[in-house]
Structures are given as C-alpha cells and as structure tokens.
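Heads up: the structure comes next, in structure tokens.
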Number of protein chains: 2
Amino acid sequence: MSQMPDFSVLAATCPSRTSLARIANKWTAMVVSVLGNNGLMRFGDLRTRLDGISGKVLTETLRDLERDGLVTRHVHAEIPPRVEYELTPLGFTLHAPLLALCTWAEEHITEVLASRERYDVRNG
Amino acid sequence: MSQMPDFSVLAATCPSRTSLARIANKWTAMVVSVLGNNGLMRFGDLRTRLDGISGKVLTETLRDLERDGLVTRHVHAEIPPRVEYELTPLGFTLHAPLLALCTWAEEHITEVLASRERYDVRNG
DNA sequence: CGGAATCCAGATGGATACTG
DNA sequence: CAGTATCCATCTGGATTCCG
C-alpha cells in the first residue's frame, strides 16, 4: 500500500507547524467560530461581531485563512462595495474544534481566574 | 434556579478572552498535547520534544499555564535540579481539543500547502 | 539542570489618512 | 464599504550570560 509522508508539528522544520501556528490562534478561533455559526458574512458584520478587532488585523487574518484554503472571499461589484466571507469545506472541518476552544474559555474562566489569583498571591 | 454570568469571548473586555488567548496558541497546543500523551515530564525532555523552542519561551509558556491552573510544577531538591511538569485535571480537559488541532495540521498540511501555492500564483 | 536577566532585531498591532 | 498605506509603540522571541 502507498505510504503517506510523516508530518509532525513537533519537528521544527515540518510545514505542518506553519499551519498549526495559523489555526492555533485567538482570532482564527473566533473568526472560524463565528463564520461557522452564521455562514456567509460581510466584512463589516464580522468586524462588529469580533468586538475590538482592528480592521487591519481582521483583513490580515482573513487573507491568511483564504491563502490556507479555509475561507473563501466573495467580492460583489457594487457601490458601495460588498465583500463576503465564508468557510470552505476544509475550513468547516475546523469549526467544531475551534468553537470548542472558545466554549472552553467561557465555561472555565471562573476556575482560571481563581487560579490566577492564587498564583499571584503566592508569587509577586 | 441560580444564574451563571454570561461570558463571551466575542466581548472585547470579557476575561474569557484572555483565557482563549492563552490556549489558542501554537506552543500551548504542543505543550498540552505532549504532556497529555506522556504524563510527568522534565523541563529538558519537554524542550527536546518541542523541537526548536527556546528555553525562554518554554519557561514562559509553562509559567503562564501554571498560573491559569492547567499545569503543575514539581521541583525536586536535588543536585542537579530536576523540575517536572504535568497537566492538572483542568489542563487535561484541554488535551483532546488541542491534540486535535495538532493532528489537524498534520493531516491537512498537504491541502493547505497546495492552497498556498495556488494563492501565491494568482497573487504576488 | 533549570532557570533568571539582559540585550536586541523583528514581528505585531493600533491609529490615522486615503482610495476605488 | 472594504480595504490599502503609512507611521509608530509595543510585544515577542532568540541568543547569550550567569546563578543556585
């Protein structure tokens, strides 16, 4: 039978690590979660939903996701312009895992905050 | 019935976003994956396993994980010193989700690389 | 051995102004 | 509206050195 090359994110020069760096990222998790929940979304709506993100960072995040094949960009020839984004099938395979991270953060923040307080009291 | 406060990572000032920023991170994903697979591990072994990580970054990552209650640090009074790390029960709840991200990167890197090439040809 | 401290180059990210 | 371009402050992370 044919042999798949062995990729490991643990190897410093393995290309898979560059992909991990993109998906294991705060904004990526939020963008993929929101796009996965809502389907097609305009740039501006995405920006509003991801409270606090700057236009520059959202643009860069979306462009990187598009480059990796996780998001599709739809430009409409209208004035004013309308640009919409949606997950590709590949991107959608990340929706559940990344949404899980967002949900984890929300569900466990009370424990995390308590741990931080204990840690900060013990130390400086 | 009692009411849980609503936490949302989508809200810029919600503390859960600080927790998401910590867990949705390349090195966190790798550290938690490796610790979850191997149990108790020495600092040096972890450093060797996470090929390419600098001592400084590994120290900081582990300290932040410890502060958030995801990792425990065990210091042994020996010469030379031995320091071991392991996931807490809370940290272990992240093992499967974060390992899934590492595995995703390895399993889909071929598609991702192909997409990057197409993108780079179309654009500059 | 497992750090802490220091130094420093480069990446990141915000604010602002401008454009099709 | 959805960017792009520019400027600039901050953060990140590597390399090196030193210590218990």
Side-chain angles (χ1 to χ4, degrees), chain A residues 9-13 17-18 20-31 34-35 38 40-68 71-86 119-120 122-124, chain B residues 9 12-13 17-18 20-31 34-35 38 40-67 71-86 119 122-124:
Chain A
V9 295
L10 297 180
T13 61
R17 190 178 281 187
T18 68
L20 177 64
R22 162 105 334 269
I23 66 178
N25 166 278
K26 178 180 68 165
W27 291 120
T28 295
M30 293 173 64
V31 166
V34 168
L35 279 182
N38 298 313
L40 207 60
M41 285 185 78
R42 296 185 62 155
F43 181 88
D45 292 337
L46 214 35
R47 193 190 199 304
T48 303
R49 236 7 186 20
L50 305 179
D51 186 31
I53 196 171
S54 70
K56 180 187 176 186
V57 170
L58 180 54
T59 297
E60 288 169 350
T61 300
L62 287 169
R63 192 159 4 87
D64 289 342
L65 291 176
E66 187 193 3
R67 189 169 100 101
D68 279 13
V71 156
T72 310
R73 183 167 177 266
H74 304 276
V75 184
H76 300 268
E78 303 174 4
I79 305 273
R82 183 167 101 251
V83 181
E84 293 172 307
Y85 295 88
E86 65 178 339
Y119 182 93
D120 291 343
R122 280 199 307 275
N123 310 277
Chain B
V9 296
T13 61
R17 191 179 280 187
T18 69
L20 177 64
R22 163 105 332 270
I23 66 177
N25 167 278
K26 178 180 69 167
W27 291 121
T28 296
M30 293 174 63
V31 166
V34 169
L35 279 182
N38 298 310
L40 207 60
M41 286 184 79
R42 296 186 62 155
F43 181 88
D45 293 336
L46 213 35
R47 194 190 201 304
T48 302
R49 230 20 181 14
L50 306 178
D51 187 31
I53 195 171
S54 70
K56 179 189 178 186
V57 170
L58 180 55
T59 297
E60 289 169 349
T61 301
L62 288 168
R63 190 161 4 86
D64 289 341
L65 291 176
E66 187 194 3
R67 189 168 101 99
V71 155
T72 312
R73 183 166 177 266
H74 304 277
V75 183
H76 300 269
E78 304 174 3
I79 307 277
R82 184 167 99 252
V83 181
E84 292 172 309
Y85 295 87
E86 64 177 341
Y119 183 93
R122 278 198 309 275
N123 309 279

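Reminder, nothing fancy here: chain letters follow the sequence lines and each chain counts from 1.
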>> Counting C-beta onward and ignoring hydrogens, is there a side-chain heavy-atom pair between R67(B) and D120(A) closer than 4.5 Å?
In response: yes
> Please give, in whole Å, the distance from dC1(C) P to Y85(B) OH?
Replying inline: 15 Å
> Residues two or more places apart in sequence or in another chain: which of them pass side-chain hydrogen bond (donor to acceptor under 3.5 Å, both in side chains) with R42(A)?
Replying inline: none
> With sequence neighbours left out, which residue pairs that include part of residues 73-83 of chain A fulfil the salt bridge (charged side-chain N to carboxylate O under 4.0 Å, His left out) condition?
Replying inline: E78(A)-R82(A), R82(A)-E84(A)
> Quick one: what's the B/S/- string for nucleotides 14-20 of chain C, heavy-atom cutoff under 4.0 Å, read 5' to 3'?
Replying inline: BB----B
> Starting at NZ of K26(B) and ending at P of dT12(C), how long is that distance when rounded to a whole Å?
Replying inline: 10 Å
>> For E86(B), give me all partners under salt bridge (Lys or Arg N to Asp or Glu O under 4.0 Å), at least two apart in sequence or on another chain.
In response: none
> Within the side chain of N38(B), is there an N or O that forms a donor-acceptor pair under 3.5 Å with the backbone of V34(B)?
Replying inline: yes
> How would you give the extent of chain B contacts on DNA chain D, as first and last nucleotide 5' to 3' within a 4.0 Å heavy-atom cut-off?
Replying inline: dG13(D) to dG20(D)
> Roughly how bent is the helix from dC1(C)-dG20(D) to dG20(C)-dC1(D) end to end, in steps of 10 degrees, with each end axis from five pairs?
Replying inline: 50°
>> Between R63(B) and dG3(C), is there a contact of a side-chain N or O with OP1 or OP2 at under 4.0 Å?
In response: no
>> Using a 4.0 Å cut-off on heavy atoms, which residues in residues 41-49 of chain A reach DNA chain D? List them by number, or say none.
In response: R42(A), F43(A), G44(A)
> What distance separates L35(B) CG from Y85(B) OH, expressed to the nearest 0.5 Å?
Replying inline: 10.0 Å
>> Using whole Å, what does the distance between atom C1' of nucleotide dC1(C) and atom CG of L58(B) come to?
In response: 13 Å
>> If the condition is side-chain hydrogen bond (donor to acceptor under 3.5 Å, both in side chains), which residues does N123(B) pass it with, not counting sequence neighbours?
In response: none
>> My understanding is that only residues two or more places apart in sequence, or in another chain, count here; which of them pass side-chain hydrogen bond (donor to acceptor under 3.5 Å, both in side chains) with T61(B)?
In response: none
> For the pair made of CD in E60(B) and P in dT6(C), what is the distance, rounded to whole Å?
Replying inline: 14 Å
>> Rounded to whole Å, please give me the gap between CG in N25(A) and P in dA11(C).
In response: 17 Å
> So L20(A) and M30(B), side-chain contact (heavy atoms from CB on, under 4.5 Å) or not? Walk me through it.
Replying inline: CA-CA 9 Å; L20(A) 177 64; M30(B) 293 174 63; 3.7 Å; yes
>> Just to verify, what does N25(B) make a side chain to side chain contact (heavy atoms under 4.5 Å, CB included) with, not counting sequence neighbours?
In response: W27(B), T28(B)
>> Quick check for you: to the nearest 0.5 Å, what is the distance between D64(A) atom CG and R22(A) atom CZ?
In response: 4.0 Å
>> Per the salt bridge (charged side-chain N to carboxylate O under 4.0 Å, His left out) rule, what does the pair list look like for residues 46-63 of chain B, sequence neighbours excluded?
In response: none
> H74(B) and V83(B): side-chain contact (heavy atoms from CB on, under 4.5 Å), yes or no, with the steps?
Replying inline: CA-CA 6 Å; H74(B) 304 277; V83(B) 181; over 6 Å; no
